[in-house]
Amino acid sequence: MSAEPIQEFFSIGEVCDLTELKPHVLRYWESQFRFLNPAKNRSGNRVYQRKEIELVLLVKHLLYTEKFTLDGARQKVEEHRRAGGLRGAARGALDAQVVESLERELHEILAILDGRPRGAS
DNA sequence: ATTCTCACA
DNA sequence: TGTGAGTA
């Protein structure tokens, strides 16, 4: 009964639309966070997967909303990862509040994606 | 049109 | 972080 071919890969441009960030910011973060390394296709273009969009949103939240420094955000995200990712962090040593709000933001975005065959406005 | 790297402010 | 140059 499944239907819509869910979009699995995203260009940097799509990720920017989805996260409200500029391409140069995403590329810069790549140089600051090892866990933010999207694969490159044959032509060298970044290919993002949903997991990476989650990371981008987490970093954006830490940096812009919680006003962490690059170093602080780096440590925080690594904590999240050691705790088992976005989800696992909830039962870890991190604020369930943040995780909750992130999942909400994420769901809003992914919901639109999953229910949208792309190309329609 | 989009994205990429690199340089520079 | 923002912008521009020269590519692919």
Could you walk me through whether A:Gln49 and A:Phe10 pass side chain to side chain contact (heavy atoms under 4.5 Å, CB included), step by step? CA-CA 6 Å; A:Gln49 308 224 342; A:Phe10 305 81; 6.0 Å; no

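Linking ILVMFWY residues whenever their side-chain heavy atoms come closer than 4.5 Å, directly or via other members, places A:Tyr64 and A:Val59 in the same cluster.
One distance of note links CZ of A:Arg46 with NZ of A:Lys40; it measures 4.5 Å at 0.5 Å rounding. Separating the CG atom in A:Leu57 from the CD atom in A:Glu54 is a distance of 8.0 Å, to the nearest 0.5 Å. One finds the CG atom of A:Leu62 at 12.0 Å from the CZ atom of A:Arg74 (value rounded to the nearest 0.5 Å). Here the CG atom belonging to A:Leu26 is positioned 9.5 Å from the CD1 atom belonging to A:Ile53, to the nearest 0.5 angstrom. Rounded to the nearest 0.5 angstrom, A:His61 NE2 and A:Lys76 NZ are separated by 11.0 Å.
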Secondary structure string for DNA chain C (Watson-Crick or G-U under 3.5 angstrom, | for other-strand pairs): ||||||.|

Protein heavy-atom contacts under 4.0 Å, written 5' to 3' over nucleotides 2-9 of chain B as B (base), S (sugar-phosphate only) or - (none), form the string -SBB----

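For A:Phe35, the ring pair (Phe, Tyr, Trp, His ring centres under 6.0 Å) test picks out A:Phe33, with sequence neighbours left out. In this structure A:Tyr28 satisfies the side-chain contact (heavy atoms from CB on, under 4.5 Å) test together with A:Ser31, A:Gln32, A:Leu70, sequence neighbours excluded. Partners of A:Asn45 according to the side chain to side chain donor-acceptor pair (under 3.5 Å) rule, which considers only residues two or more places apart in sequence or in another chain, do not exist here.
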Taking only nitrogen or oxygen atoms into account, show me every contact under 3.5 Å that the protein makes with nucleotides 1-3 of chain C, one pair per line with its distance.
| unit_1 | atom_1 | unit_2 | atom_2 | d |
| --- | --- | --- | --- | --- |
| C:dT1 | OP1 | A:Trp29 | NE1 | 3.2 |
| C:dT1 | OP2 | A:Tyr64 | OH | 2.6 |
| C:dG2 | OP2 | A:His24 | NE2 | 2.8 |

